[in-house]
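Have a look at the structure below, then the notes.
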Amino acid sequence: TTMEVSNLEHKQIVQLAHLMRDAKFDAPSGDCLSPVGEYNLRLGIMKELRPELVATFQDAACCHEGHPLIIEAGVCLGGRDAKPGITVYRFANRIPLLFEGGADVATQVSKKRINWSAYKIRQNQDKVGVFVSLVSTKVPFKGTGKEYIGDDIPEVQAAVKRALERCCLQLKAKIVKQRSLADERERRKNLTKYIPDVSRAIHGILT
């Protein structure tokens, strides 16, 4: 049956609200969004900072309050003018966010919810650059200044953490390989240094 909205009673409106809340709607597609893209994000990081290592990742589209959103992240080590510790760079719909960064979800996740040591990264000693870009048809800003994205949205928080951890996994593989090569060079150096003495000692024993 059909009914005019104006004819609905209060009890029926409450029932309808409960039904809509419990209904399982398909998440909106992220095809309408224009993310930066991993290639462009990596290129920008390398051009501006010239880091030693860099990794990027674009998460699948998720949904917040009916609006699609995509999180892109990048993590780099070293770089021009980089300082020890974690430096966070934030973007919303390709626009850099320059103020009130301490309460932003990107800052909170990167400094409190990522176990950097598990990825062979020293949080307070290494020069770590963290880049988080959020694109959405409705960016969930906090405050009237629209300078940061709150840390109280589970979907955004989970997406940021997931993207950063995927970047860290890429870096971990590179770091392990680098350290293995460095250990190999150190062993070769030590062998080369002591081989003459050992050879002379063996020759003396044999003669």
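Here the structure is a predicted model, which is why all the values come from computation and not from measurement.
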Handout entry: Rounded distance (nearest 0.5 Å) linking atom CD1 of Ile149 with atom CZ of Phe141
Key = 5.5 Å
Exercise for the section: Taking the side chain as every heavy atom from C-beta outward, state whether Gln125 and Pro84 have any atom pair closer than 4.5 Å. Expected result: no
Problem - hydrophobic_cluster_shared for Val109 and Leu69, side chain cutoff 4.5 Å - result: yes
Practice task
State whether the side chain of Gln58 and the backbone N or O of Ile71 hold a donor-acceptor pair below 3.5 Å, judged by distance alone.
Solution key: no
Problem - Glu38 side, atom CD; Leu43 side, atom CG - distance, nearest 0.5 Å - result: 13.0 Å
Handout entry: Close side-chain approach of Tyr119 and Leu169, heavy atoms under 4.5 Å
Key = yes
Completion exercise
One should read off an interatomic distance between Leu53 CG and Met46 CE, to the nearest 0.5 angstrom, of 10.5 Å
Exercise for the section: Ignoring hydrogens and angles, tell me if any N or O in the side chain of Ser180 forms a donor-acceptor pair with the backbone of Val176 under 3.5 Å. Expected result: no
Practice task
Dump the intermediate steps for side-chain hydrogen bond (donor to acceptor under 3.5 Å, both in side chains) on His67 and Ser136, then the final yes or no.
Solution key: CA-CA 7 Å; His67 294 273; Ser136 177; 5.6 Å; no
Handout entry: Arg50 CZ: over 12 foreign heavy atoms closer than 6.0 Å
Key = no
Handout entry: Point-to-point distance, once rounded to the nearest 0.5 Å, from NZ of Lys111 to CG of Asn124
Key = 9.5 Å
Handout entry: Phe131-Leu164 co-clustered via ILVMFWY side chain contacts under 4.5 Å
Key = no
Problem - Cluster link Val132 to Val105, ILVMFWY, side chain under 4.5 Å - result: yes
Problem - Pairwise side-chain contact, Thr137 with Cys32, heavy-atom cut-off 4.5 Å (strictly under) - result: yes
Practice task
Using a 4.5 Å cut-off on heavy atoms from C-beta on, say whether the side chain of Pro96 contacts that of Tyr89.
Solution key: no
Problem - salt bridge (charged side-chain N to carboxylate O under 4.0 Å, His left out) between Lys142 and Asp151, worked out - result: CA-CA 9 Å; Lys142 289 292 181 182; Asp151 189 38; over 6 Å; no
Fill in the blank from the handout: CD of Glu9 to CG of Asn7, rounded to nearest 0.5 Å, is 9.5 Å
Handout entry: Leu97-Leu41 co-clustered via ILVMFWY side chain contacts under 4.5 Å
Key = no
Practice task
With the side chain counted from C-beta on, respond yes when Pro28 and Cys63 share a heavy-atom pair under 4.5 Å apart, and no when they do not.
Solution key: yes
Practice task
Could you check if a side-chain atom of Trp116 sits within less than 4.5 angstrom of a side-chain atom of Val128, using non-hydrogen atoms only?
Solution key: yes
Problem - Non-hydrogen side-chain atoms of Thr107 and Val130 separated by less than 4.5 Å - result: no
Exercise for the section: Evaluate the side chain to side chain contact (heavy atoms under 4.5 Å, CB included) criterion for residues His64 and Lys138: first the C-alpha distance (whole Å), next the side-chain angles of each, then the deciding distance (0.1 Å), finally the verdict. Expected result: CA-CA 9 Å; His64 173 61; Lys138 184 182 179 183; over 6 Å; no
Practice task
Report whether Ile121 and Val160 are members of the same hydrophobic cluster (ILVMFWY, side-chain heavy atoms less than 4.5 Å apart, transitive linking).
Solution key: yes
Completion exercise
Of all heavy-atom pairs linking Ile114 and Cys168, the shortest is CG2-SG, 4.4 Å
Handout entry: Test item: Val36 and Ser133 side chains (from C-beta on) under 4.5 Å apart, heavy atoms
Key = yes
Handout entry: Check: Thr56 main-chain N/O paired with Arg166 side-chain donor or acceptor under 3.5 Å
Key = no
Practice task
Take atom NZ of Lys174 as the centre, draw a 6.0 Å sphere, and report whether it contains more than 12 heavy atoms from other residues, nucleotides or ligands.
Solution key: yes
Problem - Nearest heavy atoms of Pro140 and Val156, plus distance in Å - result: CG-CG2, 4.4 Å
Practice task
Answer yes or no: does atom CZ of Arg80 have more than 12 heavy-atom neighbours from other residues, nucleotides or ligands under 6.0 Å?
Solution key: yes
Exercise for the section: Check for a donor-acceptor pair, side chain of Glu72 on one end and backbone N or O of Gly37 on the other, with a separation under 3.5 Å. Expected result: yes
Handout entry: Taking every non-hydrogen atom, the tightest pair across Val88 and Ala106
Key = CG1-CB, 4.0 Å
Handout entry: Full working for side chain to side chain contact (heavy atoms under 4.5 Å, CB included) between Asn93 and Val139
Key = CA-CA 8 Å; Asn93 282 344; Val139 178; 3.5 Å; yes
Practice task
Could you walk me through whether Tyr148 and Phe99 pass the side chain to side chain contact (heavy atoms under 4.5 Å, CB included) test, one step at a time?
Solution key: CA-CA 7 Å; Tyr148 74 101; Phe99 304 103; over 6 Å; no
Practice task
Spell out, as yes or no, whether a donor-acceptor pair under 3.5 Å connects the side chain of Arg122 to the backbone of Lys127.
Solution key: no
Handout entry: Within 6.0 angstrom of Arg42 CZ, more than 12 heavy atoms from elsewhere
Key = yes
Fill in the blank from the handout: To the nearest 0.5 Å, atom CG of Asn40 lies from atom CD1 of Ile45 at 11.0 Å
Exercise for the section: Please step through side chain to side chain contact (heavy atoms under 4.5 Å, CB included) for the pair Glu165 and Lys161, ending with a clear verdict. Expected result: CA-CA 6 Å; Glu165 287 178 338; Lys161 184 179 181 185; 3.1 Å; yes
Practice task
Determine the minimum heavy-atom distance between Cys167 and Ala55, stating which atoms define it.
Solution key: O-CB, 3.4 Å
